[in-house]
Amino acid sequence: QVQLVESGGGLVQTGDSLRLSCAASGRGFTHYSVGWFRQAPGKEREFVAAISRNEVQTYYGDSVKGRFDISRDNAVNTVYLAMNSLKPEDTAVYSCAARQSIPTMRSSDYDYWGQGTQVTVSS
């Protein structure tokens, strides 16, 4: 079992960059794939990015491809989401999630979730 805590959100302007962190505690973090999801008010949860246990596989949602980059440092039990060229439509609560299998784009596949961090992009 792992516990996840996100950080790094904030208020930025269009075109700015942010890096979110997802810090894991508990045993065996290297056995988990991690995904990032986001949810804006009044909208469904949306897949953002996911990374496999050994960082070999990464996946991105269509709306963030080419702008966001997911990575992980297993030595410090942390997954990062670097977000560049931010747009107002990126405004949402961003949450990380973990599962003990290959990464997927379905939020229902993930077993452990953090509390989320707010990202607001002003125009």
Problem set entry | Closest contact, heavy atoms only, Cys22 versus Trp36 | CB-CZ2, 3.6 Å

Problem set entry | NZ or CZ of Arg45 within 45° of Trp113 ring axis and under 6.0 Å | yes

Exercise. About how many Å separate OG1 of Thr14 and NZ of Lys87, when rounded to the nearest 0.5 Å?
Worked result: 10.0 Å

Problem set entry | Gap between atom OG of Ser85 and atom CG of Asp90 - 0.5 Å precision | 9.5 Å

Exercise. Just by distance, do the side chain of Tyr32 and the backbone of Tyr112 share a donor-acceptor pair under 3.5 Å?
Worked result: no

Exercise. Is Lys65 paired with Asp62 through a side-chain N to carboxylate O contact shorter than 4.0 Å?
Worked result: yes

For this session: Give a yes-or-no answer on whether the side chains of Gln3 and Ser25 include a donor-acceptor pair shorter than 3.5 Å.
Result: yes

Exercise. Under 4.0 Å between a Lys/Arg side-chain N and an Asp/Glu carboxylate O for Arg38 and Glu46?
Worked result: yes

For this session: Name the orientation class of the two ring planes belonging to Tyr110 and Phe37 (parallel below 30°, tilted from 30 to 60°, perpendicular beyond 60°).
Result: perpendicular

Seminar exercise, completed: For Gln57 and Pro103 the tightest heavy-atom approach is OE1-CD, 4.1 Å

Seminar exercise, completed: Value for CZ (Phe68) from CG (Leu20), rounded to nearest 0.5 Å, stands at 8.0 Å

For this session: Check the side chains of Ser17 and Asn84 for a donor-acceptor pair under 3.5 angstrom, ignoring hydrogens and angles.
Result: yes

Exercise. Atom OH of Tyr94 and atom CG of Leu81: how far apart are they, to the nearest 0.5 Å?
Worked result: 7.5 Å

Exercise. Glu55 side chain to Ser71 main-chain N or O, any donor-acceptor pair under 3.5 Å?
Worked result: no

Exercise. For Glu44, does the CD atom sit with more than 12 other heavy atoms under 6.0 Å from it, leaving out its own atoms?
Worked result: no

Exercise. Distance only, no hydrogens: is a donor on one side chain within 3.5 Å (strictly under) of an acceptor on the other, for Thr120 and Gln118?
Worked result: yes

